[in-house]
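Atom set for the values below is all heavy atoms of this structure, side chains included, hydrogens, waters and symmetry mates excluded.
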Amino acid sequence: MTGFASRDERAAFIAGLPKAELHLHIEGSLEPEMMFALAQRGNVKLAFDSVEAIRAAYEFANLQDFLDIYYQGMAVLLTEQDFFDLTAAYLTRAAADAVRHVEIFFDPQGHTARGVPMANVIGGIARALAEAEERGVTSRLILCFLRHLSEDDAQATLDAALPFLPLIHGVGLDSSEVGHPPEKFARVFARARDLGLKIVAHAGEEGPPDYVWQALDVLKVDRIDHGNRALEDAALVSRIVTDGLTLTVCPLSNLKLCVVDDLTRHPLRRMLQAGLKATVNSDDPAYFGGYVNANFLAVADALDLTREEIVTLARNSFTGSFLPLAQQAAHLAAIEAYAAGH
Ligand code: ADE
Ligand code: ZN
């Protein structure tokens, strides 16, 4: 155990370490208890008859297995209040993990396709984010396009989001990766860039290194979500290092979705050693068994991460964020002060 007297000491260090979370699908923070409560409130029929039955169904062989259940779960989200309650619950959990800044994904097409107005979705999420800001947790909102749907559908979704543009900081790309390369969405991402939005994309989670190249060269991403399979291509790694792009890595997600067969073989340390700016994130914490500190702890235990590596991951979470540099600097100073005192 490098830099810590015990596992408990490492856990305590992680628990209080100031950090940002940059890869969190708000619909993936829907805990089974809230799913049940919202189903009752909205009179929605669930395929499961208990919280235990829901949790028992969370065994996934791959990304698609998970997505099938994830889209079913979000059917309980109907009203502005539902989206507010979901987001407020996540922000409470995040604050308990010493998260000072969050960049949250949402999947509007998972809701508008069911007849839920965009105003309910963005209104509820944004109201919870504004309340959290008063308690000192800052945020950015990132609208994701579902890549298993058409580019025309993504364009219509961007149209529907235009009235809410001041609340949206960036666009992303998620859902079933293999068979849906970034180039399928070249035009809608070009339009988003012209609107001044930041660009991120899930790439190299299950998809090949070529999809990561496309995210860089076609979508012109500001950050890469996951990026695990970039390590298969040395030229791609150098390109990401040269461009200084951050990877939002999600250890427990990778384990639950069989992207890695064991956390002791997780590529996080190799990413850091290659000079990649990796961060640790929870992805869909209600489905994958833990929020951000649980992700830090699980991967730190499995790889025996050093104190310095853990601090680097926390620093990367702020330097890879879309916060202005002055705010990043204040968070970096808080990390140094915390590390000096612990
Ligand atoms: N949507 C929610 N979580 C996702 C993930 N890990 N990959 C792709 N799409 C997602
Ligand atoms: Zn994700």
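His101 and Ser139 make their closest contact through ND1-N, 3.7 Å (heavy atoms, listed as atom of the first residue, atom of the second, distance). When all heavy atoms of Leu63 and Glu206 are compared, the closest pair comes out as N-OE2, 2.9 Å. Nearest heavy atom pair, residue Pro18 against residue Ala314, reads O-CB, 3.7 Å. Of all heavy-atom pairs spanning Ser282 and Val292, the tightest one is CB-N, 3.9 Å. Of all the heavy atoms in Ala94 and Val102, the pair that sits closest is CB-CG1, 4.5 Å. Between Ile168 and Leu197, the shortest heavy-atom contact is O-CD2, 3.5 Å.
Heavy atoms of other residues, nucleotides or ligands lying less than 6.0 angstrom from CD of Gln273 number more than 12.
Side-chain contact between Phe164 and Leu143: absent, with no pair of heavy atoms (C-beta onward) separated by less than 4.5 Å. A heavy-atom distance below 4.5 Å is not found between the side chains of Phe296 and Asp97. Contact check for Ser29 versus Leu86: side-chain heavy atoms found under the 4.5 Å cut-off. A 4.5 Å side-chain heavy-atom check between Ile310 and Phe4 finds at least one atom pair inside the cut-off. In this structure the side chain of Leu158 reaches within 4.5 angstrom of the side chain of Leu195, judged on heavy atoms. Here the side chains of Leu78 and Arg114 are in contact, with some heavy-atom distance below 4.5 Å. The closest side-chain heavy-atom distance from Leu141 to His169 is not below 4.5 Å. Taking the side chain as every heavy atom from C-beta outward, Leu216 and Ile224 approach each other to under 4.5 Å.
Between His111 and Phe106, the ring centre distance reaches or exceeds 6.0 Å. Taking the six-membered ring for Trp and the full ring otherwise, Phe105 and His202 have centroids separated by under 6.0 Å. In this structure, His226 has its ring center at least 6.0 angstrom away from the ring center of Tyr211.
Asp243 and Arg239 are joined by a salt bridge, as a carboxylate oxygen and a charged side-chain nitrogen come within less than 4.0 angstrom of each other. Under 4.0 Å is where a charged nitrogen must lie from a carboxylate oxygen, and between Asp301 and Arg7 at least one such pair does.
The NE2 atom of His331 sits 5.0 Å away from the OG1 atom of Thr138 when rounded to the nearest 0.5 Å. Here the OH-OG distance, from Tyr287 to Ser253, works out to 13.0 Å after rounding to the nearest 0.5 Å. Atom-to-atom distance recorded for Glu27:CD and Tyr70:OH is 4.0 Å, nearest 0.5 angstrom. Put simply, OG on Ser150 and NZ on Lys184 are 7.0 Å apart, with the number rounded to the nearest 0.5 Å. For the atom pair CG of Asp283 and CG of Asn295, the computed distance is 8.5 Å after rounding to the nearest 0.5 Å. Between the CD1 atom of Ile142 and the CG atom of Leu173 there is a distance of 12.5 Å, given to the nearest 0.5 Å.
Residues satisfying the salt bridge (charged side-chain N to carboxylate O under 4.0 Å, His left out) test with Glu183, not counting sequence neighbours, are none.
Taking the six-membered ring for Trp and thresholds of 30 and 60 degrees, His180 and His148 have ring planes more than 60 degrees apart, a perpendicular arrangement.
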Side-chain donor-acceptor pairs under 3.5 Å in residues 263-271, sequence neighbours left out?
{"residue": "Thr264", "atom": "OG1", "partner": "Asp262", "partner atom": "OD1", "Å": "2.8"}
{"residue": "Arg265", "atom": "NE", "partner": "Asp261", "partner atom": "OD1", "Å": "3.0"}
{"residue": "Arg265", "atom": "NH2", "partner": "Asp261", "partner atom": "OD1", "Å": "3.3"}
{"residue": "His266", "atom": "ND1", "partner": "Leu268", "partner atom": "N", "Å": "3.0"}
{"residue": "His266", "atom": "NE2", "partner": "Asn254", "partner atom": "OD1", "Å": "2.8"}
{"residue": "Arg269", "atom": "NE", "partner": "Glu309", "partner atom": "OE2", "Å": "2.8"}
{"residue": "Arg269", "atom": "NH1", "partner": "Leu303", "partner atom": "O", "Å": "2.7"}
{"residue": "Arg269", "atom": "NH2", "partner": "Leu303", "partner atom": "O", "Å": "3.3"}
{"residue": "Arg269", "atom": "NH2", "partner": "Asp304", "partner atom": "O", "Å": "3.1"}
{"residue": "Arg269", "atom": "NH2", "partner": "Glu309", "partner atom": "OE1", "Å": "2.8"}

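With Gln64 contributing its side chain and Ser176 its backbone, the two residues share no donor-acceptor pair below 3.5 Å.
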*Could you check Phe13 against Tyr338 for ring-ring contact (aromatic ring centres under 6.0 Å, His included), going step by step and ending with a plain yes or no?*
CA-CA 9 Å; Phe13 182 75; Tyr338 178 85; 5.4 Å; yes
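Cluster membership check: Met35 shares its hydrophobic cluster with Phe60, using side-chain heavy-atom separations under 4.5 Å among Ile, Leu, Val, Met, Phe, Trp and Tyr. Note: the hydrophobic cluster containing Ile240 does not contain Phe322 (ILVMFWY, side chain heavy atoms under 4.5 Å, direct or indirect links). One hydrophobic cluster, built from ILVMFWY side chains closer than 4.5 Å, holds both Leu162 and Val116. Side-chain heavy atoms closer than 4.5 Å link hydrophobic residues (I, L, V, M, F, W, Y) into clusters, and following such links, even through other members, never connects Leu332 to Leu22.
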